[in-house]
Amino acid sequence: MIVHSVPGGALMLLGPVQLLSAVRRRIRPHRAVGVVFALTVYVSMAGAALYLVRTSVGDAFSGAAFRIALATILVGTVLSVTFGIFAAVGRFPTCTSAGCCCATAS
């Protein structure tokens, strides 16, 4: 659990730093904090995945429902950070690009 808890605590501090105007105006610190944030998310979620793999359903905090909720949060968190990385490096389609699922026909 420490592999999940310690990075998770760091994320609670790093997340708000990304939103500070002073950091956002300066691209290098903003990107540096973003890279550290993304790597920390992956380390934290690896810890959560280890917990899910190594703990039986009966030994989980509140049984199967808790285990399903944790797995859903894990997948959602990893996907959202991964999509955020794609968007930051410009490799994620925007809604105005041709063929995008949310682009509207005019």
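- Hydrophobic clustering keeps Ile68 apart from Val78 (ILVMFWY residues linked when any side-chain heavy atoms are closer than 4.5 Å, directly or through intermediates).
- Side-chain atoms of Ser44 do not come within 3.5 Å of backbone N or O of Thr40 as any donor-acceptor pair.
- In terms of heavy atoms, Leu11 sits closest to Pro16 at O-CD, 4.3 Å.
- Within the 4.5 Å cutoff, the side chain of Val43 has no heavy atoms near those of the Leu39 side chain.
- In this structure, the separation between CG on Leu79 and CG on Leu74 is 9.5 Å, given to the nearest 0.5 Å.
- Results of the side chain to side chain contact (heavy atoms under 4.5 Å, CB included) test with Val41 over Val81, Ile85, Val36 single out Val81 as the only residue that passes.
- The hydrophobic clustering, which links ILVMFWY residues whose side-chain heavy atoms are closer than 4.5 Å, places Tyr42 and Val35 apart.
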